[in-house]
Trainee: 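Have a look at this one before I ask anything.
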There are 2 protein chains.
Amino acid sequence: MANELAPGRKLKTRDLAPSDLADLKPRSKIWIERSGEVVMSDWRMALLEAIARTGSLAKAAEEMGVPYRSAWQKIKESEERLGMRLVDTQCGGADGGSSQLTEAANDLLFRYRQLSEGISELVDKRFRESFC
Amino acid sequence: MANELAPGRKLKTRDLAPSDLADLKPRSKIWIERSGEVVMSDWRMALLEAIARTGSLAKAAEEMGVPYRSAWQKIKESEERLGMRLVDTQCGGADGGSSQLTEAANDLLFRYRQLSEGISELVDKRFRESFC
DNA sequence: GCGCGTTATGATACTTTCTGCATATCGGTG
DNA sequence: CACCGATATGCAGAAAGTATCATAACGCGC
């Protein structure tokens, strides 16, 4: 159980169990910044997609498992940082309101999907080559 | 300057300036986890390399621009999570003490470099293809 | 016009992480 | 043995990011 060290030196902290590098997992993340601030990421993409799918920011937030407040804030952040509208919102009305993506948002999503596609898989492959 | 919206609907917030998607920058990050906790990353790699280069955790921390406390903590974290020694430390002595990487750390660094090499460049390339 | 569901937004609390400071220990050297 | 410089570690406070709560506005239908 104890790790062997150079003779004559004793451990200051408890010995650590030797590991076979098992169950290590590679992780990767990409995003897009403007002036050092995030404007698009996998999470934000998922949120935008949920908005497109449900037609509602409130429903999208619930789908994503985050408070409406947070979802709204993230959208506003991206919009301000990009200097463009991503969501076209309708406040009030029969159903209370609705949200849909702007053309700019759809364009951005399309480009971002191209950018991010397969990156995670590549890292996984690299990991298998280097660590297995 | 103002974004055009569907006629008859007025903006709730100030109009946003249209953007040409200029000066967007792709960013990427990879790391390795065990049980959902970080054990290696670019930052940790740089720290380990600084330790190897300087032979001292204190000097490495200064080189990295972080307090000794933080550097030490990160090393301990990785060691505990991995279940192996990464740094072989000498406390006291003529020069006050020293630190050097274990074989396990060198092995891990070697593998991690292989894993991470060129990922950032690939993302840059992808970005140019998708956004330019 | 009242209710309902949604967008919009401020204020506050909470969580997690990082930083700063303080203190102890270690072990050669003068 | 006292000193020095480095490791080792606790703890309180700062800072950043997120969640919670509360409230207002909106606009259609009954």
Side-chain angles (χ1 to χ4, degrees), chain A residues 5-6 8-16 29 31 36-38 41 43-44 47-48 50-51 53-81 85-102, chain B residues 5-6 8-16 31 36-38 41 43-44 47-48 50-81 85-102:
Chain A
L5 287 185
R9 295 197 50 257
K10 57 183 184 305
L11 286 175
K12 309 301 180 313
T13 56
R14 69 162 165 51
D15 285 7
L16 294 166
K29 187 177 168 62
W31 68 97
E37 296 181 308
V38 181
S41 66
W43 191 89
R44 287 170 201 240
L47 178 59
L48 288 173
I51 292 172
R53 189 166 50 246
T54 62
S56 153
L57 179 49
K59 288 198 187 72
E62 189 182 3
E63 229 184 63
M64 299 280 296
V66 295
Y68 172 86
R69 189 73 177 73
S70 303
W72 174 82
Q73 200 158 19
K74 286 288 195 297
I75 296 292
K76 278 300 159 203
E77 263 181 20
S78 286
E79 284 185 338
E80 291 210 0
R81 292 169 182 176
R85 274 291 163 95
L86 295 177
V87 179
D88 198 356
T89 60
Q90 201 81 23
C91 187
D95 50 356
S98 64
S99 300
Q100 61 177 331
L101 301 192
T102 63
Chain B
L5 289 184
R9 295 196 51 255
K10 57 183 184 304
L11 286 176
K12 307 301 178 312
T13 57
R14 67 163 165 53
D15 283 7
L16 294 166
W31 68 97
E37 297 181 307
V38 181
S41 66
W43 192 90
R44 288 171 200 239
L47 177 60
L48 289 173
I51 292 172
R53 189 166 48 249
T54 62
S56 153
L57 179 50
K59 289 199 187 70
E62 189 182 2
E63 229 183 63
M64 298 281 296
V66 295
Y68 172 87
R69 191 75 179 72
S70 305
W72 175 83
Q73 204 157 15
K74 285 288 195 302
I75 296 291
K76 278 301 159 203
E77 262 182 20
S78 286
E79 286 186 336
E80 291 210 0
R81 291 168 182 178
R85 275 290 163 94
L86 294 177
V87 179
D88 197 356
T89 60
Q90 201 82 23
C91 187
D95 51 355
S98 64
S99 299
Q100 60 177 334
L101 301 193
T102 62

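In what follows, chains carry the letters A, B, and so on, assigned in the order in which the sequence lines appear, proteins first and then strands, with residues in each chain numbered from 1.
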Trainee: Give a yes/no on whether any side-chain N or O of B:S99 is located under 4.0 angstrom from OP1 or OP2 of D:dA6.
Mentor: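 Indeed not, no polar side-chain atom of B:S99 lies that close.
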
Trainee: Around atom CD of A:E62, are there more than 12 heavy atoms from other residues, nucleotides or ligands closer than 6.0 Å?
Mentor: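 Check fails, neighbour count at 12 or below.
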
Trainee: I want to confirm an ordering. Mapping B:G93 and A:W72 to their closest nucleotides on DNA chain C, which one lands closer to the 5' end?
Mentor: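 Closest to the 5' end, via its nearest nucleotide, is A:W72.
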
Trainee: For DNA chain D, which residues in residues 60-70 of chain B have a heavy atom at a distance below 4.0 Å?
Mentor: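 Only B:Y68, B:R69 qualify.
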
Trainee: What is the distance, rounded to the nearest whole Å, between atom CG of A:L57 and atom P of D:dA25?
Mentor: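 So the CG-P distance, A:L57 to D:dA25, works out to 20 Å.
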
Trainee: Can you figure out which of D:dT9, D:dC28, C:dT7 approaches the side chain of A:C91 most closely?
Mentor: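 Of D:dT9, D:dC28, C:dT7, C:dT7 is nearest to the side chain of A:C91.
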
Trainee: Could you tell me which non-hydrogen atom of B:V66 sits nearest to which non-hydrogen atom of B:S70, and how far apart they are?
Mentor: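 B:V66 and B:S70 have their closest heavy atoms at CB-CB, 4.4 Å.
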
Trainee: Using a cut-off of strictly less than 4.0 Å, decide whether B:T89 has a side-chain nitrogen or oxygen near OP1 or OP2 of D:dA8.
Mentor: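 Yes, within the criterion.
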
Trainee: Can you tell me if A:S56 touches the phosphate of C:dG5, counting only side-chain N or O atoms and a distance under 4.0 Å to OP1 or OP2?
Mentor: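 No, outside the criterion.
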
Trainee: Whole angstrom is fine here: how far is it from CH2 in A:W43 over to P in D:dT18?
Mentor: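 Answer to the nearest Å: 9 Å.
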
Trainee: Between D:dA8 atom P and B:L86 atom CG, what is the distance in whole Å?
Mentor: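 Roughly 13 Å, once rounded to whole Å.
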
Trainee: What's the shortest heavy-atom distance between B:R85 and B:T102, and which atoms?
Mentor: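 Between these two residues, the closest heavy atoms are O-OG1, 2.8 Å.
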
Trainee: Looking at every heavy atom in both A:A60 and A:T54, which two are closest together, and how far apart are they?
Mentor: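 For A:A60 and A:T54, the tightest heavy-atom pair comes out as N-OG1, 3.7 Å.
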
Trainee: Considering every strand and a 4.0 Å limit on heavy-atom distances, what is the contact class for B:G97: base, sugar-phosphate, or nothing?
Mentor: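 Sugar-phosphate, backbone atoms only, no base.
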
Trainee: Could you state the atom-to-atom distance from CD of A:Q90 to C1' of D:dA25 in whole Å?
Mentor: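 Result: 14 Å.
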
Trainee: At their closest point, which heavy atom of B:W31 faces which heavy atom of B:V38, and how far apart are they?
Mentor: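 That would be CD1-CG2, 3.8 Å.
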
Trainee: Hey, does the side chain of A:K59 come within less than 4.0 Å of C:dT6's phosphate (OP1/OP2), counting only N and O?
Mentor: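 Yes, such a contact exists.
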
Trainee: Give the minimum heavy-atom separation between B:A61 and B:Y68, together with the two atoms involved.
Mentor: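 Looks like CB-CA, 3.8 Å.
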
Trainee: For the pair B:R81 and B:E77, find out whether any cationic side-chain nitrogen is under 4.0 Å from an anionic carboxylate oxygen.
Mentor: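 Yes.
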
Trainee: Just the rounded figure in Å: distance from C1' of D:dC11 to CD of B:Q73.
Mentor: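 After rounding, the reported distance stands at 11 Å.
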
Trainee: Just how far, in rounded Å, is P of D:dG17 from NZ of A:K76?
Mentor: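 Spelled out: NZ on A:K76 to P on D:dG17 is 20 Å.
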
Trainee: Shortest non-hydrogen contact from A:E79 to A:L86?
Mentor: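 For A:E79 and A:L86, the tightest heavy-atom pair comes out as OE2-N, 2.9 Å.
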
Trainee: Note the angle between the end axes of the helix from C:dG1-D:dC30 to C:dG30-D:dC1, five pairs defining each, rounded to 10 degrees.
Mentor: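 The two end axes of the helix from C:dG1-D:dC30 to C:dG30-D:dC1 meet at 20°.
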
Trainee: Send over the distance from B:E77 CD to C:dC18 C1', rounded to a whole Å.
Mentor: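 Distance check: B:E77 CD to C:dC18 C1' gives 11 Å.
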
Trainee: If you only use heavy atoms from C-beta on, which nucleotide in C:dT9, C:dG28, C:dT6 is closest to the side chain of B:A94?
Mentor: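 Shortest atom-to-atom distance from the side chain points to C:dG28.
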
Trainee: Write down the distance between CD1 (A:I75) and P (C:dT9), rounded to a whole number of angstrom.
Mentor: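 Nearest whole value for this atom pair: 14 Å.
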
Trainee: Under 4.0 Å between a side-chain N or O of A:K74 and OP1 or OP2 of D:dT18?
Mentor: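 Yes, within the criterion.
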
Trainee: Against B:S78, only a single residue in B:Q73, B:R44, B:E37 fulfils side chain to side chain donor-acceptor pair (under 3.5 Å); can you say which?
Mentor: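 Between B:S78 and the candidates, side chain to side chain donor-acceptor pair (under 3.5 Å) is satisfied uniquely by B:R44.
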
Trainee: Excluding sequence neighbours, so at least two apart, what forms salt bridge (Lys or Arg N to Asp or Glu O under 4.0 Å) with B:R69?
Mentor: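 With sequence neighbours excluded, B:R69 shows a salt bridge (Lys or Arg N to Asp or Glu O under 4.0 Å) to no residue whatsoever.
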
